[in-house]
Amino acid sequence: MAQVQRTPEKFDVLVVGSGAGGGTAVHVLTAKGISCALLEAGPMLNPAREYKEHKWPHDYDHRGAEEGGKAYFGEGKPFGFFSTTSGGWQLEGEPYTVAAGSQFQWFRSRILGGRTNHYGRMSFRFADYDFKPYSRDGLGQDWPITYDDLAPYYDKAEEFIGVVGTTEGLRSAPDGKFHTPPPPRVHEVLTQKACKKLGIPCIPNRRAVITRSINGRPACHYCGQCGRGCVTASNYSSSQVQIFPAMRTGKLKIFDNAMVREVLTDGSGKATGVVYIDKQTRQEREIRARVVILAASACESSRILLNSKTKEFPNGVANGSGLVGRYLMDTVGFGLSGFVPALEGMQRYDTDGAGGGHMYMPWWLWDQHAKLDFPRGYHIEFGGGYSMPGIGSFTGRARQMGYGKEMKKAIRQGYGTNVGFAGRGEMIPNIHSYCEIDPNVVDQWGIPVLRFHFKWTDYEWKQARHMEKTFAEIIETMGGRVTGLSAAQRESDGISVPGTIIHEVGTARMGANAGNSVLNGYCQTHDVKNLYVMDGASFVSNPDKNPTLTINALAWRGCDYLAEEMRKGNV
Amino acid sequence: MSKLVQLEGIGRREIVRGLALALTSAGSLDLEAAQHVHTETAADKKKTGGVYKPKALTDHEYKTVSRLAELIVPADEVSGSGVDAGAPEFIDLLASQNAKLADIYHGGLAWLDAEMRRRNKTTFLAAAPAAQTGMLDVLVAAEREERTRRGEELVYQRSADYRNFAGYTTKRPGEFGPGVVFFDWVRRMTVDAFYTSPMGVKDIGYVGNRSYSKYEVPQAALDYAIKRSPFANG
């Protein structure tokens with residue numbers, strides 16, 4: 001075996017992963033003059049070459065069906081050809097396994113910026129009560145921090161990345177530092193009116209899109225194509241908003257195609273660096289640093305911890321509690337759509353807007369659990385309008401109609417008359433949902449892979465049924481009729497496949513007690529003082545607030561603390 | 001021809017400046033690549049004086065697909081046909097890149113001819129228009145019967161969220177099974193080709209993929225929908 005090559009430079013901080021957590025870490029630390037190495041398992045990102053913003057399907061012979069019509073065989077890119085480079089549910093040569101009786105889909109990104117290049121940009125603060133779930137209903141655990149601890153960092157994160165929204169004064173959806181949101185589209189106004197009748201708040205959405213220029217980034221130009229990657233960086237991605245600017249400080253060195261296998265320790269309880277495989281040469285290399293931050297995504301960071309076994313840490317580094325990999329959570333998802341006759345025959349207008357929904361419904365029954373048969377809650381995202389025609393846009397209508405002039409007419413009439421609703425709800429952490437190292441399987445880099453176990457419980461199923469009832473009520477109140485799922489599908493398919501909402505968090509939760517958690521409130525591991533985990537792994541619960549903004553805020557807070565500890569000489 | 005940005009509201013120079021700003025942060029500027037997309041079909045057509053030469057389908061198969069594309073999306077008072085929108089080229093090109101897809105067309109078209117011969121002693125292409133639509137009507141009726149039998153609105157696939165997972169399969173027993181399955185292929189690909197073409201985009205009236213300095217929703221559209229909704233009186 002060839003000798004392990006050691007990179008000669010020693011860095012102050014080594015960050016593994018370049019998504020929301022890693023991007024925030026290098027941004028905050030390099031701004032303080034701290035030198036960082038950033039390791040990304042995928043290649044560098046070149047937005048000019050890779051983003052397909054403003055392209056039309058007819059710019060390509062395959063119209064978006066991809067070469068040989070891959071999309072028709074379910075083999076196309078996960079969110080369609082035009083979505084930005086982002087990874088997928090299965091990566092060639094990097095498998096994961098799922099235990100018998102479980103279902104889990106693990107989305108992984110292998111590109112600078114990770115999933116922030118394509119994500120939905122929903123940016124919701126946790127409510128104050130979200131930090132103390134156990135105290136409220138006896139389920140799960142409380143966080144070791146409060147809303148007030150994190151609020152200044154929500155402020156910083158929002159001000160830096162830029163988020164649209166309005167001040168509403170709702171306890172379930174705390175207000176932030178917002179840019180002016182775009183106005184609601186017609187279907188959003190109708191939905192808002194229906195919600196008003198039903199007593200459901202429907203307010204301007206909070207998304208990481210800027211409507212005034214900040215930090216040299218131009219304001220949104222309303223093409224609605226955030227998911228393709230924004231060439232003007234008018235939405236948040238860690239790559240464009242945090243990492244490229246951090247590179248200009250001269251304090252950041254990027255190691256791309258670097259697949260980290262394990263954290264190195266010195267035998268006296270301190271981390272000294274990591275071992276990674278350089279994917280291009282298949283060489284094993286070492287990088288050393290004073291501090292190691294894992295931000296490789298919740299499950300990938302847990303995998304690294306579990307694979308870092310030494311005499312000192314026989315169950316994996318920082319796993320004295322045995323909780324690394326445990327309490328894996330995703331978001332509860334359910335969707336239903338409806339045909340709204342009021343929209344039929346309306347004049348066409350540009351509904352692209354700022355991309356995604358301009359409005360949403362935050363959870364409204366947070367103080368009425370006595371009347372509900374499930375704990376916690378969900379928010380509602382919804383979409384409609386005249387979207388750019390693409391592969392599959394009218395397949396359903398064509399099948400209904402058969403063929404010919406009547407079909408053509410029906411497609412024209414039906415265009416833009418549907419509104420789709422998606423619930424995003426809180427799962428209760430349970431002991432049946434976790435990831436562990438599969439003892440029999442390695443990936444092509446020789447690194448043992450994860451095996452997933454997952455189970456929805458009645459809490460989640462009942463919540464999904466509440467979503468279904470609510471969405472049907474909204475659709476009917478606006479004079480529409482449900483067209484989404486048939487009764488038979490609802491039975492077999494009435495809740496999202498675990499993992500598919502791509503909000504997988506938990507697996508290295510924070511807590512006040514080292515015996516019952518992996519990290520403290522600053523994302524620092526209890527067992528190894530110079531080892532941090534700054535991605536969704538730290539989550540104690542998974543409120544119905546999409547996780548990215550909270551990952552940003554927790555990482556920012558953790559880095560402020562870390563910089564202070566470094567200054568004091570504690571790490 | 002690709003339009004990088006359709007300008008409205010803000011000047012082209014501003015957009016390019018914004019782009020350059022974003023791109024230089026990545027350390028590379030490739031506006032040329034971002035602006036021009038060369039298409040194989042266009043290049044091929046140039047060589048043959050504007051005529052597309054099929055790569056995967058035989059001449060007879062290509063003509064049959066063209067006839068089907070014309071029947072599926074016929075020209076009407078608003079726009080042209082599936083053929084005008086390039087559906088046969090789209091189908092042939094993808095089939096030339098994927099043996100599985102090519103087989104679906106070779107086999108499906110052969111079935112269609114065999115069935116037409118059995119009924120009318122001629123190929124689908126050579127049959128009278130009424131015989132052609134008659135055959136499609138039989139396939140659509142068989143498809144509807146199957147859908148009714150299963151009592152489901154969506155027997156084809158799961159909702160869009162789960163598009164990429166192993167979804168529902170279309171199992172249609174009976175003598176028209178292969179024809180129904182094939183017709184669904186040629187229909188969905190023709191419809192896709194039509195509505196993704198500039199002609200189809202114009203037909204349904206998609207007016208987006210532009211850039212603005214401000215986003216506005218026309219009051220007339222709002223008034224129209226509210227007047228027709230249960231909220232007409234508040």
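The sequence lines fix the lettering, A, B, ..., with proteins before strands; numbering per chain opens at 1.
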* chain B contact via A:His187 - side chain, backbone, both or neither, heavy atoms under 4.5 Å -> neither

* Asked: Contact part of B:Leu68 toward chain A, heavy-atom cut-off under 4.5 Å: side chain, backbone, both or neither?
  -> neither

* Backbone of A:Gln400 reached by a side-chain donor or acceptor of B:Arg144 within 3.5 Å -> yes

* Closest contact, heavy atoms only, A:Asp61 versus B:Phe90 -> O-CD1, 3.4 Å

* Test side chain to side chain contact (heavy atoms under 4.5 Å, CB included) on B:Ile226 and A:Lys193 and set out the steps. => CA-CA 10 Å; B:Ile226 289 177; A:Lys193 287 180 183 291; 3.7 Å; yes

* To do: Determine, step by step, whether B:Asp192 and A:Arg63 satisfy the side chain to side chain contact (heavy atoms under 4.5 Å, CB included) criterion, reporting the C-alpha distance in whole Å, the side-chain angles of both residues, the deciding distance to 0.1 Å, and the verdict.
  => CA-CA 8 Å; B:Asp192 282 347; A:Arg63 309 286 179 93; over 6 Å; no

* Decide yes or no for B:Val191 and A:Met407: does some side-chain heavy atom of the first lie under 4.5 Å from some side-chain heavy atom of the second? => yes

* Asked: How far does CZ of A:Arg185 sit from CG of B:Leu222, to the nearest 0.5 angstrom?
  -> 13.5 Å

* Which of the residues B:Gly200, B:Pro198, B:Ala141, B:Gly82 is involved in the greatest number of heavy-atom pairs with chain A at under 4.5 angstrom? -> B:Pro198

* Answer with side chain, backbone, both or neither: which region of B:Thr133 has an atom nearer than 4.5 Å to a non-hydrogen atom of chain A? => both

* Asked: Counting only N and O atoms by type, is there a donor-acceptor contact under 3.5 Å from the side chain of B:Tyr215 to the main-chain atoms of A:Asp350?
  -> yes

* Asked: What closest approach, in Å, do B:Ala225 and A:Val186 show between heavy atoms, and which atom pair accounts for it?
  -> CB-CG1, 3.4 Å

* Please report the shortest heavy-atom distance between A:Gly479 and B:Pro230, naming the atom on each side. => N-CG, 3.6 Å

* Structure fact -> So, the part of A:Ala65 with a heavy atom under 4.5 Å from chain B: the answer is side chain

* **Heavy-atom contact with chain B under 4.5 Å, split by part of A:Glu66** => backbone

* Asked: Is chain A contacted by the side chain of B:Ala220, its backbone, both, or neither, given a heavy-atom distance below 4.5 Å?
  -> both

* For B:Tyr212 and A:Tyr222, work out which heavy atoms get closest and say how close. => O-CD1, 3.6 Å

* Any chance the side chains of A:Tyr72 and B:Asn98 put a donor and an acceptor closer than 3.5 Å? -> no

* To do: Verify, without hydrogens or angle tests, whether A:Lys405 (side chain) and B:Asp76 (backbone) share a donor-acceptor contact under 3.5 angstrom.
  => no

* **Top contributor to chain B interface from A:Tyr415, A:Tyr386, A:Phe394, A:Tyr51 [non-hydrogen pairs under 4.5 Å]** => A:Tyr415

* So which of B:Leu139, B:Val73, B:Val78, B:Ile91 has the largest heavy-atom pair count under 4.5 angstrom toward chain A? -> B:Val78

* Which bit of A:Lys197 is near chain B, if near means a heavy-atom gap under 4.5 Å: side chain, backbone, both or neither? -> side chain

* To do: Would you name the heavy atoms of A:Trp56 and B:Gly208 that are closest together and state the gap between them?
  => CH2-O, 4.0 Å

* NE2 of A:His62 to CG of B:Leu93: how many Å apart, nearest 0.5 Å? -> 9.5 Å

* Asked: How far does CG of B:Leu101 sit from NZ of A:Lys70, to the nearest 0.5 angstrom?
  -> 13.5 Å

* **Contacting moiety of A:Ala398, where chain B heavy atoms sit under 4.5 Å** => both

* Asked: Just by distance, do the side chain of B:Arg228 and the backbone of A:Pro341 share a donor-acceptor pair under 3.5 Å?
  -> yes

* Side chain, backbone, both or neither: which part of A:Ser387 has a non-hydrogen atom closer than 4.5 Å to chain B? -> backbone

* To do: Kindly indicate, with the supporting measurements, whether the criterion side chain to side chain contact (heavy atoms under 4.5 Å, CB included) is fulfilled by B:Phe231 and A:Met478.
  => CA-CA 8 Å; B:Phe231 317 116; A:Met478 60 204 280; 4.0 Å; yes

* Within the side chain of B:Tyr224, is there an N or O that forms a donor-acceptor pair under 3.5 Å with the backbone of A:Glu344? -> yes

* B:Ala232 versus chain A, the contacting section by heavy-atom distance below 4.5 Å -> neither

* Drop me the distance from A:Met346's CE to B:Lys227's NZ, to the nearest 0.5 angstrom. => 14.5 Å

* Mind ranking A:Arg397, A:Gln225, A:Met388 by heavy-atom pairs under 4.5 Å with chain B and telling me who comes out on top? => A:Met388

* Side chain, backbone, both or neither of B:Tyr195 within contact of chain A (heavy atoms, under 4.5 Å) -> both

* **Between CG on residue B:Asp137 and OH on residue A:Tyr403, distance to nearest 0.5 Å** => 3.5 Å

* Identify which of A:Gly69, A:Ala194, A:Ser393, A:Gly404 forms the greatest number of heavy-atom pairs closer than 4.5 Å to chain B. => A:Gly404

* To do: Using a cut-off of under 4.5 Å on heavy-atom pairs, state which of B:Ala99, B:Ser229, B:Gly205 scores highest against chain A.
  => B:Gly205

* B:Ser96 versus chain A, heavy atoms under 4.5 Å apart: side chain, backbone, both or neither? -> neither

* Asked: Between A:Gly345, A:Cys223, A:Gly224, which residue shows the highest count of heavy-atom pairs closer than 4.5 Å to chain B?
  -> A:Gly345

* So, A:Arg348 side chain and B:Ile204 main chain: donor-acceptor pair closer than 3.5 Å or not? -> yes

* Asked: Which value, rounded to the nearest 0.5 Å, describes the distance between A:Lys408 atom NZ and B:Ile72 atom CD1?
  -> 12.5 Å

